[in-house]
Amino acid sequence: MTQTVTYTRHGAFAEALIDNPPVNATSASVRAGLAAAIRTAEEDPAVQALIIRCAGKTFIAGADIKEFGKPIAPPQLPTVIRMMDEARKPIIAAMHGAVLGGGFEVALACHYRIATPSTKFGFPEVKLGLMPGAGGSQRTPRLAGLAMTIKLVTEGGQIDAKTAHAHGLIDEIAEGDLGAAALAFAERLVAAGKGARSARDLPMPADDPALFEAARKTLARKMRGQTAPLKALEAIRLGYEMSFDDAVVRELEMFREAMAGPQSKALRNLFAAEREVARIPGLPETLAPRPIKTVGVIGLGTMGRGIAMAAANAGLPVIAVGLDLNNLDQALRAIGKMWSGNVAKGSLTQATMDERLALITPSADPTDLAAADLVIEAVTEDMAIKTEVFARLGAVTRPGTILASNTSYLDIDALATASGRPEDVCGMHFFNPAHVMRLLENVRGARTAPDVVATIMAFGKRIGKLPILSGVCDGFIVNRMLAKRSREAFFLVEEGANPEAIDKVLVSFGFPMGPFALGDLAGLDVQAAARKARKASATARELRADFVEQMVAAGRLGQKSGAGWYRYGEDRKPAHDPETDRLIAAHAQKHGLLRREVRADEIRERLLYAMVNEGAKILGEGIAPRPHEIDVAMVNGIGFPAYTGGPMFWADQIGLGKVLASIERFRADYGDEYWAPAPLLVAHAGQGRGFYG
Ligand code: 3H9
């Protein structure tokens, strides 16, 4: 048929086999091949039914994202789907892997559907700022009802084959070889005298405005700020307002409008960036990673426990070394408690939990780490202690064992020197809670061996993380950028903004919470310790804005003590606390500060441009190889809203010239020390280009 679609006759049945790696997207040649297969099967009197199946790991995982934003070669997907609707012979989808987006739409346009038990189905379009564009919003309700449709189409999640079957989205779950099962299904179909049929001809389910209303509320909370989910919801309603044929035309128009919008552009850039960060410039893709069969974790505080859990969750044996026996026992009980919580919620079986626990071997003796292939150090964030631990690790582990520090800002190169094996040393900075958060900031030291870099990137993926690579600097990518945001937040409080107003600006920008609510959540004692560690490099003004230290001195540690910037009741919701106002007022009086009204615009620009400027320095210094790393890290690490694409992409959309002009204004007002623009930002702005080109 075409390069990507093979047409084969098996007696009375034809099979169109799609082979378009990596994910069998409906690229131009697939669309053309499918159209040709449908025509051929329709015209061949010997063919009684057509089967559509895919080679490789998956059924069609969607429209071809790489074609988006370019002119689409005919036939377009809706045209092929229309041919399926009009076919007189039954078309059967035989599915495995992921049936997503346009792939799900092709399946739903088939007249019958069978799938292997492990197949997953979904409409991830909203995650790309899009909505189904080839009938998904119209066929799904006709087959599966409104509630399931709303969930699938607006939230972008996936369902398994059992659920799809229970909701009428597939006809049969196929055991054994899929090709053979599809042929057997076709034979039974024809023997039973069943012919072509189309979901197009089914009625819409009874309207239920309350369901739509409830969904609007859920989306406003769960997918705050995103435009596509609400558009997708609106598209479902089209089925009540016009004929199926008109509704799919309008759905396609809405899909195209979404595609041209800023959120989709940003989310698609992020999708590509999340994949691009796995390819490290200058590192040959053929470089073999070192084998990791056993993981060691040393230091079993909150981070060490989470890291041990993340490794055991991926089925890896873990030697968990705690430095004293009491702590060891406590750590294991805490790990058990966290997994028990999952068992209680039903997301983990007791048997799996037992298996995972059995993978963790506790020890109080670092020499046991000789059996590990990778040791992740998560002891107290103190350079003297870490240096000692690395010296010890260098001595007790085998040469070639990778020694990674989970430090969030300390110097990996100094730890490398202490180990005596600098080529084996790197950073692996997990985010709290380490068994949950996807981002993993891997750090390459000056002397880290290239195959160590390849290993920690592959290892991160293996334990279900999204690893990005950073170079060595204070705070690496995420904390270095975040530190600038914190600096501005504290300065703004000194100048007159109140913490709630600052948090509100960031929440309305799309962050899950603002810097003060975040500080309360993380613990102000933790923040104070980090400030203390950086005291030597802090400016006089940064030292003066010592709100965190004042809070801690007053016993206000954040959520855990019931009060920090905010006051917390039983429900843990932040409430205004007049004590905070008093503390700020006293601070202003003590230092003779005249507080003024600060506008939301200024708050937003100071907090966000401080990060963009630091991001530009990080890029210019080569700490991040590309803007991709920064955007992926900030979206997944601190909740920079995904639909902006991340700070660097967002700045590109504003225009670097405009960003620079604001930074220059801040520089004039607040000094070079804080607002000297990054040379790369100046250079790019001068050339009229963005960070991405
Ligand atoms: C849509 O369908 C619109 C329609 O409703 C309307 C049309 C009119 N196209 O994620 P991975 C590449 S919107 C092109 O690492 P995994 C990806 O870039 C679309 N390429 O693998 C990467 O290549 P590279 C709705 C795609 O096994 C490689 O495949 N569909 C596409 O972890 C491997 O990807 C989606 O949004 C694509 N659609 O996960 C599905 N998808 O390394 C998005 C992937 O060269 N895809 N690639 O960059 C996914 O969710 C995952 O890729 C999947 C596999 C679960 C399929």
Side-chain angles (χ1 to χ4, degrees), residues 4 18 20-31 34 54 56-82 95-109 118-140 152-160 228 231-232 235-236 248-260 263-265 267-280 285 438 457-458 460-462 464-467 626 628 632 642:
T4 52
I18 302 169
N20 184 29
V23 297
N24 291 317
T26 57
S27 319
S29 76
V30 169
R31 299 193 301 271
L34 276 179
C54 289
K57 279 199 307 196
T58 181
F59 191 72
I60 304 168
D64 188 342
I65 294 171
K66 298 191 172 84
E67 288 181 354
F68 287 179
K70 299 177 194 148
I72 305 269
Q76 303 221 354
L77 191 58
T79 311
V80 179
I81 282 183
R82 194 165 180 108
M95 301 171 280
H96 71 295
V99 180
L100 301 177
F104 201 6
E105 292 174 307
V106 168
L108 295 179
S118 59
T119 311
K120 295 274 196 299
F121 303 83
F123 289 112
E125 283 90 339
V126 288
K127 295 191 177 159
L128 298 172
L130 299 169
M131 40 169 283
S137 72
Q138 299 306 305
R139 282 175 216 271
T140 318
L152 277 172
V153 168
T154 65
E155 292 184 15
Q158 297 184 2
I159 55 169
D160 60 15
K231 284 284 166 201
I236 302 169
V248 292
V249 170
R250 179 66 196 125
E251 182 205 52
L252 180 59
E253 280 169 11
M254 289 171 75
F255 168 81
R256 289 187 177 140
E257 285 158 17
M259 170 96 75
Q263 291 199 354
S264 178
K265 207 170 149 200
L267 285 162
R268 284 185 278 128
N269 193 72
L270 195 65
F271 178 89
E274 286 190 355
R275 280 143 190 90
E276 190 57 33
V277 293
R279 288 181 275 267
I280 309 297
E285 285 193 34
R438 254 181 101 214
M457 294 304 286
K461 203 160 179 210
R462 187 167 158 204
K465 302 291 173 205
L466 176 54
R626 296 156 296 191
H628 307 64
V632 169

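We count ligands from 1, going down the list as the structure has it; atoms in each ligand are counted the same way. None of these values were measured; they are calculated from a predicted model.
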> Hey, is atom 30 (N) of ligand 1 touched by any protein heavy atom at less than 4.0 Å?
Replying inline: yes
>> Among all the protein's heavy atoms, is there at least one whose distance to atom 37 (C) of ligand 1 comes out below 4.0 Å?
In response: yes
> Looking only at non-hydrogen atoms, which of Leu128, Leu267, Leu100 approaches atom 49 (C) of ligand 1 most closely?
Replying inline: Leu100
>> Give me the residue, atom name and distance of the protein heavy atom closest to atom 41 (N) of ligand 1.
In response: Val23 CG2, 3.5 Å
>> Protein non-hydrogen atoms only, distance under 4.0 Å: does atom 20 (N) of ligand 1 have such a neighbour?
In response: yes
> Please state which protein non-hydrogen atom is closest to atom 14 (C) of ligand 1 and give its distance, to 0.1 Å?
Replying inline: Asp64 OD1, 3.3 Å
> For atom 56 (C) of ligand 1, which candidate among Gly135, Ala272, Ala63, Ala61 provides the closest heavy atom?
Replying inline: Ala61
> For atom 45 (O) of ligand 1, which of Arg279, Arg275, Glu276 has the closest heavy atom?
Replying inline: Arg279
> Heavy atoms only: which of Gly133, Pro21, Ser27, Gly122 is nearest to atom 6 (C) of ligand 1?
Replying inline: Gly133
>> Can you report which non-hydrogen protein atom sits closest to atom 23 (O) of ligand 1, along with the distance?
In response: Lys66 NZ, 4.0 Å
> Should one rank Phe255, Phe59, Phe271 by closest heavy-atom distance to atom 3 (C) of ligand 1, which comes out on top?
Replying inline: Phe255
>> Minimum distance, heavy atoms only, to atom 9 (N) of ligand 1: which one of Thr58, Asn24, Ile65 is it?
In response: Ile65
>> Which residue and atom name correspond to the protein heavy atom nearest atom 32 (O) of ligand 1, and how close is it?
In response: Lys461 NZ, 5.0 Å
> With only distance considered, is Gly101 within less than 3.5 Å of ligand 1 through an N or O on each side?
Replying inline: no
